[in-house]
Amino acid sequence: MSTAPPVTREAAPEPPTLDTGLTKKFGWFDGFSLAMCIPTGIITSLGYTIGAVGAWAALAFWGATTLLALLQNYLYAEMATMFPRETGGIALYAHQGWRRYLTLVGPVATFGYWMGWSLTLGVVGETLGGIVQAQWFPTATWSLDLGVAHIQLPQLIAIVAVVFSWSVNVVGIKLAAGISRVIASVFVVFVVLVMSVPFLAGGWHAANLSWHPGKHPVTTALVWMYVGAWTVYGTEICATFAPEYRDTRRDTLRSLKSSALFVLAVFVVVPMSTTGLLGEKAIGANPLTFSVMALQRVFGNGVSSALVLVVIAVLLLSMISASADGGRAIYGIAREGMTLRQFESLNRFGEPGRALTLDMLTNTLIVVFIASPLAILLAANLGYMICTISAVSAFLLLRKDRPHWPRPFKLSRRWLPIAWAILLLDIAITVVGATHPQDAGYGSLANVGIGVGLLSLSLVFYVVRRVGQDRKPIVLQEREHVVAPEPEPVAPGLE
């Protein structure tokens, strides 16, 4: 009697590896999940706007800014399919579009992008630490004297959170994406409740909403759009992971579009729902916790700890996402020869470990030594907006200089005037917002100086890389022929 040979199951094929060393292991929802750090603006920023200019004005300013973000994401989706093997996101697109005209745009845009994302870690961490202390340790007076600095409980919690976000990313983006999916799912439920429940609970009144943008409403609008852009433009994080999606064309566009549409709904509805229930004065007095207050009004104080846990979890999500995004931006531009060679390497987990470690160390120092990390954050926004302007203008330059390059996702010619309008609005928002911070009560012109000083480091690193490490002369324009990329590899199961 013969015996049939045992049936063996073939091992699942590994995701294809790109020449960057990264692998195609992402689905569109992974990108969407990492972008769910963006609605945390209802915790960190939106309440201040409502208190300052009224709910209707906040709705208009934040809604308009988020609509701009949505339109920009379509431009980024096209450029992502032009460079399906290169990482770095919108900073890389800025470099590719401008390299023919001015190579210095690449390192400045990348460093500005890194500033906008990575320097938020310490600030968000201290916000998280303050919430933890207020909720569970309100009488804690513990402090650690280091001689040159004092660390109190919120700062210690912030440092732990910074190290946690680093450790999650440094061992693999798949782990970070998995944690993000769980947190994002819970936070989406939280946000949907904040958007809907106040309308249904009774006690909601449209009379609680007002519009008082001051004597110069256009300037006020541009200043608050500058504040909001730091938050809502961030859905472009989905483009940073374009080379790692299993299907770059499909997954990049889907994640960019879905995350921006969700964020648009959040910042249009939340000012109406919460203000109609609580009133503008209550929100202005509690700008960081008004969303929790709205749900407590409906469900009672018994849910307080659970709601605070959700807020803490989503702040951690924002830190994980910021660390992953900023690290990839530095890694991508290092591969282009635009910053220090040390950031080109990947660790044994296939992650840009050195760039991620730079984030961790920088933000730990900010938490320990900077008395007002908010000043750094506001200065970093200047760098982020310069990167955004460079990336949007790169779309127009690439259409002109590389008209025949493969674009698996290509917008119609009707998008060209839209791109010009977006570019001009971004410039206006940046110029007015950076020079009139006092109109929003969030800083001073000194922040602009800090931002310019930080951006100048990018040029120092560029010179060190070109002259000191690569032994090459400084080149201001790269006009040599650029070869179009080969078709991207397709993940198993998508052939």
Asker: Any donor-acceptor pair under 3.5 Å linking the side chain of Ser393 with the backbone of Ser390?
Answerer: yes
Asker: Please evaluate residues Arg335 and Glu86 with respect to the criterion salt bridge (Lys or Arg N to Asp or Glu O under 4.0 Å), reporting the C-alpha separation (whole Å), side-chain torsions for both, the decisive distance (0.1 Å), and the verdict.
Answerer: CA-CA 9 Å; Arg335 286 181 54 83; Glu86 299 185 48; over 6 Å; no
Asker: Does this structure show an ion pair linking Glu344 with Arg354, if we count only N-O contacts that are shorter than 4.0 Å?
Answerer: no
Asker: Do any N or O atoms from the side chain of Arg341 and from the backbone of Gln469 form a donor-acceptor pair under 3.5 angstrom?
Answerer: yes
Asker: Per the side-chain contact (heavy atoms from CB on, under 4.5 Å) rule, which among Thr127, Leu309, Ile312 passes with Val132?
Answerer: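 It is Ile312; the other options fail the test.
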Asker: With distance as the sole test, does Tyr384 use its side chain to make a donor-acceptor pair with the main-chain N or O of Tyr233 at under 3.5 Å?
Answerer: yes
Asker: In terms of side-chain geometry, is the basic nitrogen of Asp251 or Arg246 positioned less than 4.0 Å from the acidic oxygen of its partner?
Answerer: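 No, no charged N to carboxylate O under 4.0 Å.
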Asker: With no hydrogens and no angle check, is any side-chain donor or acceptor of Arg99 less than 3.5 Å from a backbone partner on Glu478?
Answerer: no
Asker: Among Asp359, Asn363, Val170, exactly one meets side-chain contact (heavy atoms from CB on, under 4.5 Å) together with Ser323. Which residue is that?
Answerer: Asp359
Asker: Measure across Ala239 and Leu256 and return the closest heavy-atom pair with its distance rounded to 0.1 Å.
Answerer: N-CD2, 3.9 Å
Asker: May I ask you to check whether Trp415 and Tyr74 place their ring centres under 6.0 Å from each other?
Answerer: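 Aromatic pair counts; centres sit under 6.0 Å.
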Asker: Do the side chains of Tyr113 and Thr388 get nearer than 4.5 Å, heavy atoms only?
Answerer: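 When only atoms from C-beta onward are counted, Tyr113 and Thr388 do not touch, as no gap falls below 4.5 Å.
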Asker: Excluding sequence neighbours, so at least two apart, what forms side-chain hydrogen bond (donor to acceptor under 3.5 Å, both in side chains) with Glu78?
Answerer: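 Arg399, Arg407.
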Asker: Identify all side-chain donor-acceptor contacts of residues 58-67 below 3.5 Å with residues at least two apart in sequence or on another chain.
Answerer:
{"residue": "Trp62", "atom": "NE1", "partner": "Thr49", "partner atom": "OG1", "Å": "3.0"}
{"residue": "Thr65", "atom": "OG1", "partner": "Phe61", "partner atom": "O", "Å": "2.7"}
{"residue": "Thr66", "atom": "OG1", "partner": "Trp62", "partner atom": "O", "Å": "2.7"}

Asker: Distance from Met360 atom CE to Asn169 atom CG, nearest 0.5 Å?
Answerer: 12.0 Å
Asker: Quick one about Arg402 and Gln96 (side-chain donor to acceptor, distance below 3.5 Å, no hydrogens or angles considered), yes or no?
Answerer: yes
Asker: Report yes if the side chains of Leu121 and Trp166 come closer than 4.5 Å at any heavy-atom pair, otherwise no.
Answerer: no
Asker: Taking all atoms of both residues into account, what is the closest heavy-atom pair of Ala394 and Gly97, and its distance?
Answerer: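 Nearest pair, atom of Ala394 first, then Gly97: CB-CA, 3.9 Å.
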Asker: Can you check whether Tyr93 and Trp98 have ring centres sitting under 6.0 Å from each other?
Answerer: no
Asker: Measuring only between side-chain heavy atoms, which start at C-beta, is Met115 closer than 4.5 Å to Leu455?
Answerer: yes
Asker: Would you say Asn347's side chain and Phe349's backbone share a donor-acceptor pair under 3.5 angstrom?
Answerer: yes
Asker: For Asp401, which residues count as a side-chain hydrogen bond (donor to acceptor under 3.5 Å, both in side chains) partner, sequence neighbours excluded?
Answerer: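 Result, side-chain hydrogen bond (donor to acceptor under 3.5 Å, both in side chains) vs Asp401: Tyr101.
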Asker: Is any side-chain heavy atom of Asp470 closer than 4.5 Å to a side-chain heavy atom of Arg465?
Answerer: yes
Asker: Main chain of Ser196, side chain of Ser273: is a donor-acceptor contact present, judged purely on distance under 3.5 Å?
Answerer: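 Between the backbone of Ser196 and the side chain of Ser273 there is no qualifying donor-acceptor contact (under 3.5 Å).
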Asker: So how far is it from Ile429 CD1 to Leu424 CG, rounded to the nearest 0.5 Å?
Answerer: 11.0 Å
Asker: Within the side chain of Asn381, is there an N or O that forms a donor-acceptor pair under 3.5 Å with the backbone of Tyr226?
Answerer: yes
Asker: Using distance alone, with no hydrogens and no angle criterion, decide if Tyr245 and Ser255 have a side-chain donor and acceptor under 3.5 Å apart.
Answerer: yes
Asker: Treating Ser318 as the side-chain partner and Leu315 as the backbone partner, does any N or O pair qualify as donor plus acceptor under 3.5 Å?
Answerer: yes
Asker: Determine whether a donor-acceptor pair (N or O, by modelled atom type, separation under 3.5 Å) exists between the side chain of Asn73 and the backbone of Lys257.
Answerer: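 Here the side-chain-to-backbone pair does not exist.
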Asker: Is the Phe32 ring parallel, tilted or perpendicular to the Phe29 ring (thresholds 30°, 60°)?
Answerer: parallel
Asker: Minimum heavy-atom separation for Val392 and Ala419, please, with both atom names.
Answerer: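 Result for this residue pair: CG1-O, 3.8 Å.
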Asker: Could you check whether any side-chain N or O of Ser321 sits under 3.5 Å from a backbone N or O of Ala35, counting only pairs where one atom can act as donor and the other as acceptor?
Answerer: no
